[in-house]
Amino acid sequence: MTFRTHMDAALNEARAAAARGEVPVGAVVIGPTGLVIATAGNRTRELNDPTAHAEILAIRAACAALGQERLTGHDIYVTLEPCPMCAAAIANARLARLYYGASDPKSGGVAQPPRVFSHPQCHHTPEVYDGLSAETSETLLKSFFAAKRGS
């Protein structure tokens, strides 16, 4: 089986989020056969919802599309290391694999403390692969925040 990354689709969602004035993070849920099930970008400001992170929205959309509460055997691609809330949602959805781009030393919940997947309360741990399109993801985020600061 040949590995195929879906980070380009996640990056497209991140760019669309930035165009809406949202923090540029995108996520894509992929089915066991490699088909895209759902895509999303951050919408916290648009929806006035602090939980409307790209990962949460993509998981919700995938579950709705499939008519099930779990995504066993599915993968998620995200442009930024998931925060603790999103990491917990990934575990609760039983996603098989998490692929992410940029690390998030300030707010990440996977490689950074609290390392959600390493807690005994975490009943499912996906395989984790980091650094996919990390430079592109980082550049997108840095450019977004530089523009917000007027730099």
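Everything numeric here is computed off the predicted structure, so don't read it as measured data. We count residues from 1, following the sequence as given.
- Both Val25 and Val110 are assigned to one and the same hydrophobic cluster, defined by single-linkage of ILVMFWY side chains at heavy-atom distances under 4.5 Å.
- Between Gln112 and Gly108 the shortest heavy-atom distance is CB-O, 3.5 Å.
- Met85 and Ile90 fall into different hydrophobic clusters, defined by Ile, Leu, Val, Met, Phe, Trp and Tyr side-chain heavy atoms under 4.5 Å apart, directly or through other members.
- With contacts defined as side-chain heavy-atom distances shorter than 4.5 Å, the pair Ile76/Ile30 does not qualify.
- Panel note: side chain Glu55, backbone Ala87; no donor-acceptor pair is recorded below 3.5 Å.
- With hydrogens and angles ignored, the 3.5 Å screen pairs no side-chain donor or acceptor of His53 with any backbone N or O of Pro82.
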Are Leu95 and Ile59 close enough, and set up right, to give a side chain to side chain contact (heavy atoms under 4.5 Å, CB included), and what steps lead you there?
CA-CA 9 Å; Leu95 284 152; Ile59 289 168; 4.0 Å; yes
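- Legend: residues meeting salt bridge (Lys or Arg N to Asp or Glu O under 4.0 Å) with Asp104, ordered by chain and number and at least two apart, are absent.
- Nearest heavy atom pair, residue Arg115 against residue Ser118, reads O-OG, 2.7 Å.
- The number of heavy atoms from other shown groups lying within 6.0 Å of CG (Asp49) is above 12.
- Every residue two or more places apart in sequence or in another chain that forms a side chain to side chain contact (heavy atoms under 4.5 Å, CB included) with Arg97 is listed here: Asp75, Tyr99, Glu127, Tyr129.
- When all heavy atoms of Gly21 and Lys148 are compared, the pair lying nearest together is O-NZ, 4.1 Å.
- No donor-acceptor pair under 3.5 Å is formed between the side chain of His124 and the backbone N or O of Ala93.
- Nearest heavy-atom pair, Gly26 versus Ala14, reported as atom, atom and distance to 0.1 Å: N-CB, 3.6 Å.
- Pairs of residues two or more places apart, or lying in two chains, never qualify as salt bridge (Lys or Arg N to Asp or Glu O under 4.0 Å) while including a residue from residues 76-86.
- No chain of hydrophobic side-chain contacts below 4.5 Å, direct or via other Ile, Leu, Val, Met, Phe, Trp or Tyr residues, connects Leu140 to Phe145.
- When hydrophobic clusters are built by joining Ile, Leu, Val, Met, Phe, Trp and Tyr residues whose side-chain heavy atoms come closer than 4.5 Å, directly or via intermediates, Leu11 is not grouped with Leu141.
- When every heavy atom of Ile37 is checked against every heavy atom of His74, the shortest pair comes out as CG1-CD2, 4.0 Å.
- Between atom CD1 of residue Ile56 and atom CG of residue Asn42 there is a gap of 10.5 Å, rounded to the nearest 0.5 Å.
- Between His6 atom NE2 and Thr39 atom OG1 the span is 12.5 Å, to the nearest 0.5 Å.
- Rounding to the nearest 0.5 Å gives a distance of 8.5 Å between CD of Glu69 and CZ of Arg94.
- Remark: Asp8 CG to Ser133 OG distance equals 6.0 Å, nearest 0.5 Å.
- Screening residues 33-44 for salt bridge (Lys or Arg N to Asp or Glu O under 4.0 Å) gives Arg43-Glu46 as the qualifying pairs, with residues at least two apart or on separate chains.
- When all heavy atoms are compared, the tightest approach of Ala27 to Val78 is CB-CG2, 4.2 Å.
- Residues meeting the ring-ring contact (aromatic ring centres under 6.0 Å, His included) test with Tyr100, sequence neighbours left out: none.
- Under the 4.5 Å side-chain heavy-atom criterion for ILVMFWY residues, no single connected hydrophobic cluster contains both Leu57 and Leu80.
- Between the Thr125 side chain and the Phe117 main chain, a donor and an acceptor come within less than 3.5 Å of each other.
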Can I get a per-line list of side-chain donor-acceptor pairs under 3.5 Å for residues 61-68, giving both atom names and the distance, sequence neighbours left out?
{"unit_1": "Gln68", "atom_1": "NE2", "unit_2": "Arg70", "atom_2": "O", "d": "2.8"}

